Peer 1: 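Got a structure here, written out as structure tokens. Questions coming.
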Amino acid sequence: MSTSPQQRLRDWIAAPVYPWITGGAVTVGAVVELIAVPGGVTTTVGVLVSAASLMWRRSFPPVAMLTVAAGLIAFAGDVNLYVSIMVSGLTGCYSLGRNRVLHPALTVAGGALGAVCVNLVHINTWSRMDLPVPALWEKGSLSLFAESFLLTVVVFGAVMMGDAVRSREETRTERSLAQAKLIAMERQQAAEAERAAIARELHDIVSHSVSMIAVQAESATYTTPGLTPEARDGFQQIAGTARSSMAELRRLLGVLRTPQGDTGPAALTAPQPTLDHLAELVEQHRAVGGPAELRITGERVALPAAWELSAYRIAQEALTNARKHAPGARTVVEVDYGAGRLLTLRVRDDGPGTGPGSNPGSGSDSVPGTGHGLTGMRERAALVGGRLTAGAGPDGGFLVEAELPWGSG
């Protein structure tokens with residue numbers, strides 16, 4: 001993915017070598033200027049120190065005070081204003097504001113004081129050069145301090161620009177942290193909601209199994225000949241325990257069902273789907289979402305109910321995402337009953353390769369990188385000790401692959 005010129009410029013400025021390159025360039029420019037227009041010892045040292053110190057302005061920001069001070073001393077020692085002094089002085093003031101070495105008001109006040117001192121040195125130099133310099137108390141003497149005013153305005157502008165950039169970056173960082181926190185909260189809520197949905201579905205499975213235990217235990221007391229009284233009591237205890245467990249499960253179901261969910265009789269009694277229902281699921285997708293194909297390899301194995309349900313829900317969510325993010329794309333659902341007691345489920349499409357995390361603006365997946373559908377599918381896979389990956393497919397499109405080991409189930 002190509003980056004814009006502005007982004008490339010920001011990346012280059014943020015690079016560690018940037019201050020060394022720019023500081024070195026200003027220092028070379030200062031040497032060239034001093035060769036072309038030689039100055040005194042004070043001016044020469046001030047110019048070189050002011051320029052060279054820029055190379056450490058990021059690793060040690062307080063060095064910018066030396067940059068500005070050396071520039072003012074060099075300017076005070078010579079009436080000529082070197083370009084390198086202007087560049088290093090402005091950069092130093094910007095760096096002081098950008099890193100907030102001192103409070104901006106103190107930095108500007110210090111710069112203004114330095115500007116007045118430089119101006120006074122220049123006034124003394126002009127008087128020694130027999131230039132018409134009015135006395136400080138005479139009319140028109142305030143014009144002598146125009147230099148101080150101009151330098152103070154320049155210092156103020158550079159410091160405020162650096163402080164504004166610092167404030168903007170702090171705001172951007174705070175906004176990024178807040179967005180990351182919001183994304184984490186949304187992911188946690190999505191995971192909790194998916195776990196509640198899984199628990200509701202597993203309740204139906206467990207309830208069916210426990211009710212069968214109760215019925216079979218009670219039936220055994222009447223259909224099994226020759227039972228001793230102790231055996232009969234044991235079967236009755238098993239049935240009683242099963243009925244108590246059913247009551248607890250019903251109470252649990254009342255907590256898990258949400259007001260927005262389907263809590264009617266059909267929801268309580270409807271059988272949970274299994275992998276045998278994948279053909280119907282693919283047919284439903286084909287009717288509204290485009291061409292779809294179901295491929296099954298290996299010998300069909302009756303898996304535990306939790307594995308069957310998890311695999312079905314993963315395929316269901318993957319097909320939903322395909323309809324949402326790649327409408328009309330060809331979709332293939334592959335189920336592989338591996339010889340190593342590993343169920344592999346793949347759902348791939350030949351769409352543009354966008355998934356729930358890469359297409360902002362669609363329902364619950366409106367935050368980039370936070371597809372709640374993927375969160376739910378990963379929760380389903382983790383429920384049975386498996387793993388799930390999702391992303392761009394090797395041949396394009398989007399691929400969801402789940403590996404669900406069932407040997408220990």
Side-chain angles (χ1 to χ4, degrees), residues 1 182-198 200-201 260-262 272-296 306-336 343-384 386-404:
M1 181 177 174
L182 177 62
I183 290 173
M185 290 176 59
E186 288 185 346
R187 285 178 174 170
Q188 181 179 0
Q189 291 173 357
E192 291 174 354
E194 190 64 29
R195 288 173 191 148
I198 293 172
R200 288 194 297 269
E201 293 174 345
Q260 295 80 9
D262 185 3
Q272 294 298 339
T274 66
L275 289 175
D276 292 330
H277 297 84
L278 275 183
E280 300 176 9
L281 184 64
V282 172
E283 183 61 32
Q284 293 172 5
H285 175 84
R286 190 181 297 118
V288 295
E293 181 183 354
L294 175 62
R295 299 176 183 173
I296 299 178
W307 274 254
E308 296 265 351
L309 178 61
S310 295
Y312 178 88
R313 293 302 188 198
I314 290 172
Q316 185 181 41
E317 183 63 35
L319 289 173
T320 300
N321 286 336
R323 289 194 297 272
K324 182 186 300 183
H325 301 287
R330 174 180 172 80
T331 307
V332 178
V333 179
E334 299 178 357
V335 181
D336 181 16
L343 174 69
T344 303
L345 174 68
R346 299 184 189 88
V347 181
R348 54 185 173 87
D349 61 64
D350 58 0
T354 57
S358 56
N359 186 6
S362 57
S364 62
D365 303 331
S366 58
V367 181
T370 61
H372 295 175
L374 294 181
T375 300
M377 287 188 283
R378 290 192 178 101
E379 291 290 331
R380 298 277 181 179
L383 171 69
V384 295
R387 67 182 186 90
L388 183 138
T389 58
D395 300 324
F398 197 78
L399 171 65
V400 174
E401 182 174 10
E403 294 182 349
L404 311 177

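Note that the structure is predicted; figures quoted are calculated from it, not measured. Note: hydrogens, waters and symmetry copies are ignored here, and every other heavy atom, side chains too, is used.
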Peer 1: Identify the heavy atoms of L399 and P394 that sit nearest to each other, and give their distance.
Peer 2: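 What the structure gives for the nearest pair is CD2-CD, 4.2 Å.
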
Peer 1: Which value, rounded to the nearest 0.5 Å, describes the distance between L404 atom CG and E308 atom CD?
Peer 2: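 Rounded to the nearest 0.5 Å, the CG-CD separation comes out at 10.5 Å.
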
Peer 1: To the closest 0.5 Å, what do you measure between OG1 (T375) and CD (E186)?
Peer 2: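 That separation rounds to 10.0 Å.
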
Peer 1: I need the minimum non-hydrogen distance between R286 and A292, along with the two atoms involved.
Peer 2: NH2-O, 2.9 Å

Peer 1: Might you point out which heavy atoms bring T389 and R387 nearest each other, and give the distance in Å?
Peer 2: CG2-NH1, 3.5 Å

Peer 1: Between H325 and P327, which heavy-atom pair has the shortest distance, and what is it?
Peer 2: C-CD, 3.5 Å

Peer 1: Roughly how far, to the nearest 0.5 Å, is the CG atom of D395 from the CG atom of D350?
Peer 2: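 Reported to 0.5 Å precision, the distance equals 10.5 Å.
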
Peer 1: Hey, could you give me the CG/CD distance between L388 and E317, rounded to the nearest 0.5 Å?
Peer 2: 10.5 Å

Peer 1: Quick one: does D349's side chain have a donor or acceptor within less than 3.5 Å of a partner on F398's backbone?
Peer 2: yes

Peer 1: Taking NZ, NE, NH1 and NH2 as the nitrogens, is one of them in R348 or E401 under 4.0 Å from a carboxylate oxygen of the other?
Peer 2: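 No, this pair does not count.
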
Peer 1: Over all heavy atoms of both residues, which pair between P291 and G328 is shortest? Give the atoms and the distance, please.
Peer 2: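 Closest approach of P291 to G328: CD-O, 3.8 Å.
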
Peer 1: Kindly indicate whether the side chain of L343, heavy atoms from C-beta on, has any atom under 4.5 Å from the side chain of L275.
Peer 2: yes

Peer 1: What's the spacing between I314 CD1 and L374 CG if we round to 0.5 Å?
Peer 2: 11.0 Å

Peer 1: Write down the atom of A315, the atom of L281, and the distance for their closest heavy-atom approach.
Peer 2: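 What the structure gives for the nearest pair is C-CD2, 4.1 Å.
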
Peer 1: How many angstroms lie between CG in L278 and CD in E283, if you round to the nearest 0.5 Å?
Peer 2: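 Taking CG in L278 and CD in E283, the distance rounds to 13.0 Å.
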
